[in-house]
Amino acid sequence: MEMLLEHYMLLENLKPSGGNLIGCCPIHKGTNKRQFSVNPEKNAYYCFGDCGGGGNVLDFVSKIEGVTIREAGALIQKWFSLGGGNENGGKEKRAGASATGAKLARQELAREGKRGAGAVVNPPLTFRLKGLATDHGFFSERGLTAETVNYFGLGFCNRGLMRGRVVIPIHNEAGELVAYCGRA
């Protein structure tokens with residue numbers, strides 16, 4: 001989020017307040033200096049003013065640029081030289097980062113250094129949810145076969161914190177389970 005705020009030249013207009021940055025809302029061009037709040041640790045923002053907008057980095061770019069979430073992702077990828085490809089299949093990375101992208105990457109590395117070298121931001125879970133019902137109507141209503149539900153580890157949870165929710169496991173790049181999300 002801080003990289004985006006710098007990209008839009010908004011970072012200098014926001015003031016620290018606790019762990020957040022606050023200022024006027026750049027989305028609806030607000031004038032109240034306390035209505036827009038950014039939590040850099042969570043990469044999230046919220047406007048307490050007229051637009052009432054909030055969300056993550058994709059939501060922010062989508063609102064500022066007036067584009068879809070997908071288009072916002074493509075813009076972020078382009079601005080910060082985030083690999084991901086070219087028109088020929090998407091595996092080649094750009095040869096070099098832009099000056100802004102390189103500066104922002106150094107800032108991110110410095111922030112990671114404050115958290116401690118080698119700190120794992122989202123470590124693998126030490127447990128798996130058990131006893132998930134894979135035959136819940138939610139899946140069949142959406143055309144998901146039992147094979148697909150089992151392949152992705154989906155299920156309906158009947159107990160614990162995720163009780164009453166369809167559970168979706170989230171894996172990191174290495175394929176390790178790092179979280180679950182649930183849909184009521």
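We number each residue from 1, following the sequence as shown.
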Exercise for review: For side chain to side chain contact (heavy atoms under 4.5 Å, CB included), just list the numbers for F80 and L4, CA-CA rounded to whole Å, side-chain angles, deciding distance to a tenth of an Å, and then say yes or no.
Suggested key: CA-CA 9 Å; F80 301 113; L4 285 172; 3.5 Å; yes
Nearest 0.5 angstrom please: [X] [atom1] to [Y] [atom2], how far?
X: F156; Y: R183; atom1: CZ; atom2: CZ; answer: 12.5 Å
X: N13; Y: L21; atom1: CG; atom2: CG; answer: 11.5 Å
X: I27; Y: I64; atom1: CD1; atom2: CD1; answer: 5.0 Å
X: L5; Y: M3; atom1: CG; atom2: CE; answer: 11.0 Å

Backbone N/O of [Y] and side chain of [X]: donor-acceptor pair under 3.5 Å:
X: S62; Y: A72; result: no
X: K63; Y: F60; result: no
X: N20; Y: S17; result: no

Exercise for review: Please say whether more than 12 non-hydrogen atoms of neighbouring residues, nucleotides or ligands are located less than 6.0 Å from CD in E12.
Suggested key: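 Count over threshold, so yes.
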Point to revise | Heavy-atom pair of closest approach, residues Y180 and L129 | key: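 Reported closest heavy-atom pair: OH-N, 3.0 Å.
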Practice item. Return the minimal non-hydrogen interatomic distance between H28 and C51, and the atom names on each side. Key: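 That would be ND1-SG, 3.4 Å.
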Exercise for review: Identify whether NZ of Lys or CZ of Arg in R142 sits under 6.0 Å from the centre of the six-membered ring of F138 and within 45° of that ring's axis.
Suggested key: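 Output yes; distance and angle both within limits.
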Practice item. Applying side chain to side chain contact (heavy atoms under 4.5 Å, CB included), run through Y45 and N56 and close with a yes or a no. Key: CA-CA 6 Å; Y45 78 96; N56 60 25; over 6 Å; no
Review point. Taking side chain as C-beta onward, heavy atoms only, is L144 less than 4.5 Å from L154?
Key: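 Result yes, sub-4.5 Å side-chain heavy-atom pair found.
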Check your understanding: Between Y8 and E65, do the side chains contain an N or O donor and an N or O acceptor separated by less than 3.5 Å?
Key ->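 E65 and Y8 do have a side-chain donor-acceptor pair below 3.5 Å.
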